Amino acid sequence: MARYNAKETEEKWQKAWRERQTFAVETDPKRPKYYVLEMFPYPSGKLHVGHVRNYTMGDVVARYKRAQGFNVLHPMGWDAFGLPAENAAIASRVHPKAWTYANIAVMREQLQRMGLAYDWRREIATCHPEYYRHEQKMFLDFLAQGLAYRKESWVNWDPEENTVLANEQVIDGRGWRSGALVEKRLLAQWFLKITAFAEDLLQALAGLTRWPERVRLMQENWIGRSEGARVSFALAGRGDTLEVFTTRPDTLFGAAFCAIAPSHKLAEELARGNADLADFIAECNRMGTSEAVLEQAEKKGFETGLTAVHPFDGSELPVYVANFVLMEYGSGAIFGCPAHDQRDLDFARKYRLPVVPVVLPPGEDARRFAIADTAYTDEQGTAFNSGFLDGLPVIAAKRAAVKRLEDLGSGQGTVAWRLRDWGVSRQRYWGCPIPVIHCGACGIVPVPERDLPVLLPEDVSFDEPGNPLARHPTWKHARCPRCGSAAERETDTFDTFFESSWYFARFCSPRSARAFERHDVDYWLPVDQYIGGIEHAVLHLLYSRFFTRALSACGYLDLKEPFAGLFTQGMVCHETYRDAQGNWLFPEEVRRDADGRVGDAQGRPVTVGRNEKMSKSKKNIVGLETIVGAFGADTARLYLLSDSPPERDLEWTDEGIEGAWRYVNRLWRLVTEPALPLAPPGAALPAALPPALDRLNRAVHRTILDVTSDLDQFRFNRAVARIRALTNAIEEIDGAPRGAGAVLRFALETAVRLVAPMMPHLAEEMWQALGHKEMLADAPWPAADAALAVEDTVTYAVQVNGKLRATIQLARGASREAAESEALKHEAVKRAMNEKQARKVIVVPDRIVNVVV
RNA sequence: GCCCUGGUGGCGGAAUUGGUAGACGCGCUAGAUUCAGGUUCUAGUGACCGAAAGGUCGUGGAAGUUCGAGUCUUCUCCAGGGCACCA
């Protein structure tokens with residue numbers, strides 16, 4: 001029995017696709033387009049099987065849509081700037097550029113051996129000057145439009161990576177990559193004004209109907225819109241006011257104090273004349289907001305001695321500097337209403353401030369209602385103890401309070417956002433230089449367009465910590481473009497999310513002298529189907545949405561949403577192994593004996609850990625070479641698609657990949673050693689078929705419909721199951737009645753065409769074996785006859801009182817009466833009815849008969 | 001604390017969207033092929049009772065709606081993920 005030779009076959013068809021440029025595409029407005037894109041990888045070294053799941057899914061979509069007649073853009077490139085390259089340079093004295101390009105070469109080769117249908121002519125690497133020069137220009141345009149600015153602010157400093165991080169890159173108070181506790185530092189940094197689009201970024205989420213609900217929710221939470229009011233409290237004895245943000249203007253009569261953030265400018269002003277306050281502020285800054293939460297949520301305040309005048313009743317409230325007030329949110333100042341906010345209540349108890357309830361919960365008695373340890377934060381209830389607001393439900397009270405504030409000139413309704421501007425400066429080498437020059441006389445001067453790109457110098461050293469650009473002997477010295485005097489270049493580089501925020505547009509015109517050509521992006525964008533990990537739900541995906549809007553504002557594009565459809569795939573997991581010393585072991589270093597005990601090569605015991613996402617650090621990875629070498633790319637692709645729904649995690653097992661390999665061979669044998677002679681290609685089916693053949697013929701039509709709808713819905717595991725079921729049906733054919741050769745050919749050819757997006761090499765080889773000269777990659781998607789996709793007899797389930805008692809066969813479309821009488825005749829039904837009369841019989845045509853007794 | 005997502009055989013998962021629960025696969029059992037292992041082939045495989053025919057139970061748990069519930073409603077338990085001094 002001939003085994004399928006995966007290695008030879010895959011090389012053969014990869015060469016054929018490459019030589020014929022099968023997947024090369026051009027802008028062609030006369031044809032319908034489809035742009036499918038997988039999140040491009042960071043070239044970190046070698047790919048393992050965990051990396052390629054999403055590329056496989058993208059490839060299935062690309063090949064399927066291509067077969068359906070779309071002009072399919074399916075490109076691949078490299079998100080090539082980033083910190084690991086610098087770490088490699090420090091650890092092994094390789095230049096980041098050399099390291100990156102070497103990795104790209106390895107990974108490109110690996111991807112090509114997976115048989116992915118990319119237009120490789122469009123390959124891009126973001127570390128190439130022909131790529132990053134365009135984002136320098138974009139930055140200058142953002143600057144001109146007021147969408148980029150520089151300001152000194154408290155930023156997240158990652159002490160391990162020696163650089164600033166964006167808010168989105170801080171997870172639980174730690175750097176998203178290093179895991180180091182993030183510190184607060186006051187630094188002058190470049191920001192992109194993502195907040196200018198906050199409202200639109202939020203509103204437009206509703207239109208992203210082909211995005212996963214949870215990604216939209218995460219972005220919604222991240223943007224964090226809160227309606228409320230800005231309230232001005234006059235500071236007694238001073239001419240100025242304190243601006244406060246609240247979402248509960250209805251509770252203003254319950255105010256017991258005001259509090260400002262430690263970094264509020266009023267706090268800083270007061271601290272200059274007050275050493276104790278200065279100490280308190282220093283202590284707060286040391287704590288770092290998120291660490292404090294983890295330790296203990298103790299509310300601490302420092303009484304400033306100032307008092308704030310209540311805009312409604314003129315009472316005076318003490319003003320504190322408090323550790324729980326954030327400068328970054330609202331206005332960095334609050335009024336405290338202890339009865340209706342838990343933090344304010346804790347604070348009030350500690351500093352013995354009055355607790356006056358002003359919202360009466362439904363059913364409570366106004367004379368008796370009091371607050372103990374728990375603030376009443378629900379918005380159910382009516383205002384009381386609140387002057388002109390008394391008796392109003394919370395929502396109406398909010399409106400009335402805002403109206404009064406506006407009439408008094410003491411405030412106004414407003415909206416606060418959780419979203420903050422995107423800090424893009426990084427104190428790192430391997431990134432895109434920020435194209436500005438600092439001049440002693442002129443200040444910050446953009447690098448003129450004619451001087452772009454600002455090239456990253458290559459002669460740098462990583463002998464000392466810190467940014468090599470900042471200590472480069474010559475690079476940073478420049479002439480001021482405006483006055484010509486000696487000046488310094490900006491030595492920070494862009495956050496690498498800058499590159500990935502527009503690469504999908506570059507793929508449309510990858511070799512253009514401009515960032516991209518309008519006629520190309522107008523045709524290809526938005527991306528029809530984007531595929532990637534959920535970990536970018538608020539990072540890359542939010543930045544790209546912002547960038548698309550910012551580029552449109554600068555005239556580059558006419559588009560808001562870059563990704564019309566988004567699919568977030570699950571991870572590939574594998575068991576983890578550790579030896580007695582706690583060192584991680586690779587799966588191939590581990591063996592299992594007959595009793596299921598797990599040991600290493602020398603038989604020493606190994607602890608099996610839980611299934612986790614494949615990662616280099618835990619060594620629970622399976623190399624792509626190992627798998628592709630042993631079983632071929634198609635087997636790996638089939639397994640990655642078939643065992644779990646794509647959005648869920650997939651557990652990689654040896655048994656699973658072997659099962660896929662068995663199927664590859666089974667299908668191969670079925671086609672190359674058919675049970676009976678096939679009719680010649682293109683032979684017509686006889687008009688009337690014997691029952692067994694008719695059933696198979698109908699099964700083929702139904703499979704086409706099912707697989708098509710499964711692929712449309714990203715249900716790859718189900719599509720595989722349907723094709724396997726069809727294979728089973730084909731195998732059941734025996735004997736050679738009239739027409740068998742023609743039906744068998746039709747069934748086999750259809751199976752081959754349906755698996756082609758998943759196992760393209762095998763499918764091409766089988767297609768050829770079936771006598772076809774043209775490539776399957778150029779063949780259209782099979783069409784089904786819907787009338788033939790159903791059986792002409794149907795199986796009814798017959799229930800008595802809702803319990804299944806029998807099944808009966810009837811012609812499709814049989815009358816209710818026929819179904820009922822046939823059901824009642826059945827022995828098992830009679831038995832279950834136990835001599836009783838049917839009180840009622842429910843018939844669902846072609847489906848079920850339920851006899852109620 | 002708040003917000004998601006999920007809970008179906010030994011395992012991964014299906015279920016025409018309220019109509020035969022367990023498709024398809026993995027694993028396992030028995031048999032055939034083979035010197036042997038692997039491969040391949042045949043049969044079986046939710047649990048319980050039964051020799052069988054057949055019956056009873058069964059989709060985390062409890063209640064409800066319905067002729068009929070994995071699917072709808074209410075409550076509840078568990079697991080995973082996200083957010084969190086956001087005023």
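The shown structure was predicted, so the numbers you read here are calculated from the model rather than taken from an experiment. Below, chains carry the letters A, B, ... as their sequence lines are ordered, and counting in each starts from 1.
Listed by chain and number, the residues in a side-chain contact (heavy atoms from CB on, under 4.5 Å) with A:Ala838 are A:Met833, A:Val841, A:Val851 (sequence neighbours excluded). Taking the side-chain contact (heavy atoms from CB on, under 4.5 Å) definition, one finds that A:Ile848 meets it with A:Ala797, A:Gln799, A:Val844, sequence neighbours left out. Residues satisfying the ring pair (Phe, Tyr, Trp, His ring centres under 6.0 Å) test with A:Phe280, not counting sequence neighbours, are A:Phe302. For A:Thr795, the side chain to side chain donor-acceptor pair (under 3.5 Å) partners are A:Gln809, not counting sequence neighbours. Residues forming a side-chain contact (heavy atoms from CB on, under 4.5 Å) with A:Arg216 (at least two apart in sequence, or on another chain): A:Leu205, A:Leu208, A:Trp211, A:Glu213. By the side chain to side chain donor-acceptor pair (under 3.5 Å) test, A:Asp710 is found to be paired with A:Arg718, A:Arg722, residues two or more places apart in sequence or in another chain being considered.
If you take atom P in B:U42 and the same atom in B:A47, they sit 23 Å apart, rounded to whole Å. Here the separation of B:C72 from B:U5, taken at their P atoms, is 12 Å to the nearest Å. Rounded to whole Å, the P atom of B:C24 lies 39 Å from the corresponding atom of B:C75. B:C77 and B:C86 have their P atoms separated by 26 Å, given to the nearest Å. Atom P of B:U8 sits at a distance of 26 Å from the matching atom of B:G68, rounded to the whole Å. Rounded to whole Å, the P atom of B:G58 lies 15 Å from the corresponding atom of B:C48. Spacing of C1' atoms, B:G55 relative to B:G7, comes out at 30 Å, to the nearest Å. Separation of the C1' atoms belonging to B:G9 and B:U29 is 16 Å when rounded to the nearest angstrom.
A:Thr807 comes within 4.0 angstrom of a nucleotide base, judged by non-hydrogen atoms across all strands. Residue A:Arg420 is in base contact, counting any heavy-atom pair closer than 4.0 Å across all strands shown. In this structure, A:Arg839 reaches neither bases nor backbone, as no heavy-atom distance under 4.0 Å exists between it and the strands shown. Among the atoms of the strands shown, none is found under 4.0 Å from any heavy atom of A:Asp344. When heavy atoms are screened at a 4.0 angstrom cut-off, A:Arg702 is found touching no nucleic acid atom at all. Among the heavy atoms of the strands, none lies under 4.0 Å from A:Val798.
Stacking of A:Arg724 on the aromatic ring of A:Tyr663 is recorded, both the 6.0 Å distance cut-off and the 45° axial limit being met.
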For this session: Would you write the dot-bracket representation of RNA chain B, where each base gets (, ), [, ], | or . depending on whether it forms a Watson-Crick or G-U pair under 3.5 Å and with which partner?
Result: (((((((..(((......[....)))((((((.......))))))((((....))))..(((((..]....))))))))))))....
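Of the residues in residues 814-825 of chain A, not one comes within less than 4.0 Å of RNA chain B through any heavy atom. Using a 4.0 Å cutoff on non-hydrogen atoms, the parts of residues 844-853 of chain A near RNA chain B are A:Val844, A:Arg847, A:Ile848, A:Asn850, A:Val852, ordered by number.
Distance A:Ile842 CD1 to B:G18 P: 17 Å, rounded to the nearest Å. As rounded to whole Å, 13 Å separates atom C1' of B:A53 from atom CD of A:Glu827. Atom CD in A:Glu673 sits roughly 11 Å away from atom C1' in B:U40 (whole-Å rounding). As a whole-Å value, the separation of A:Ile223 CD1 from B:C83 C1' is 14 Å. Atom-to-atom, CD of A:Gln799 to C1' of B:G18 comes out at 11 Å; the value is rounded to the nearest Å.
Rounding to the nearest 0.5 Å places CG of A:Leu539 at 8.5 Å from CG of A:Leu542. Rounded to the nearest 0.5 Å, atoms CE (A:Met614) and NE2 (A:His574) are 5.5 Å apart.
Each of B:U17, B:U20, B:A87 was ranked by its minimum atom distance to the side chain of A:Arg715; first place goes to B:U17. The listed nucleotides are B:C86, B:G55, B:U40; the one nearest the side chain of A:Arg669 is B:U40. Checked against B:C86, B:A87, B:U20, the side chain of A:Ile334 finds its nearest nucleotide in B:A87. Among the nucleotides B:U20, B:C86, B:G55, the one closest to the side chain of A:Arg805 is B:G55. With distances taken from any side-chain atom of A:Lys803 to the nucleotides B:C57, B:U17, B:C83, the minimum falls on B:C57. Ranking B:C4, B:G13, B:C86 by closeness to the A:Arg343 side chain, first place goes to B:C86. Among B:C85, B:G25, B:G55, the nucleotide with an atom closest to any side-chain atom of A:Asn728 is B:G25. Listed candidates were B:C4, B:U20, B:C85. Nearest to the side chain of A:Ala797 is B:U20. With B:A84, B:A87, B:C4 as the choices, the nucleotide that has an atom nearest any side-chain atom of A:Leu217 turns out to be B:C4. The nucleotide whose nearest atom lies closest to any side-chain atom of A:Asn717 is, among B:A14, B:G82, B:A84, B:A14.
Between A:Val538 and A:Ala721, it is A:Ala721 whose nearest contact on RNA chain B lies nearer the 5' terminus. Heavy-atom nearest nucleotides on RNA chain B were determined for A:Arg214 and for A:Ser642, and the one closer to the 5' end corresponds to A:Arg214.
Residue pairs satisfying the salt bridge (charged side-chain N to carboxylate O under 4.0 Å, His left out) criterion with at least one member in residues 640-652 of chain A, sequence neighbours excluded, are absent. The salt bridge (charged side-chain N to carboxylate O under 4.0 Å, His left out) contacts involving residues 652-665 of chain A comprise nothing, where partners must be two or more places apart or lie in separate chains.
With its glycosidic angle within 90° of 0, B:U17 adopts the syn conformation. Base orientation of B:G9: syn (glycosidic angle within 90° of 0).
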Protein-nucleotides 26-33 of chain B N/O pairs closer than 3.5 Å?
residue, atom, partner, partner atom, Å
B:C26, OP1, A:Arg662, NH2, 2.9
B:G27, OP2, A:Arg662, NH2, 3.2

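Checked by atom type and distance alone, the side chain of A:Asn665 pairs as donor or acceptor with a backbone atom of A:Trp661 at under 3.5 Å.
A salt bridge links A:Glu379 with A:Lys398: the distance from a Lys NZ or Arg NE/NH1/NH2 to an Asp or Glu carboxylate oxygen falls below 4.0 Å. Salt bridge status for A:Glu199 with A:Arg225: present, with a side-chain N to carboxylate O gap under 4.0 Å.
Taking the six-membered ring for Trp, A:Trp417 and A:Tyr329 have ring centres at least 6.0 Å apart.
Ring geometry, A:Trp422 versus A:Tyr543: the interplanar angle falls under 30°, so the pair is classed parallel (tilted spans 30 to 60°).
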For this session: Please step through side-chain contact (heavy atoms from CB on, under 4.5 Å) for the pair A:Asp344 and A:Phe324, ending with a clear verdict.
Result: CA-CA 10 Å; A:Asp344 297 348; A:Phe324 67 93; 3.9 Å; yes
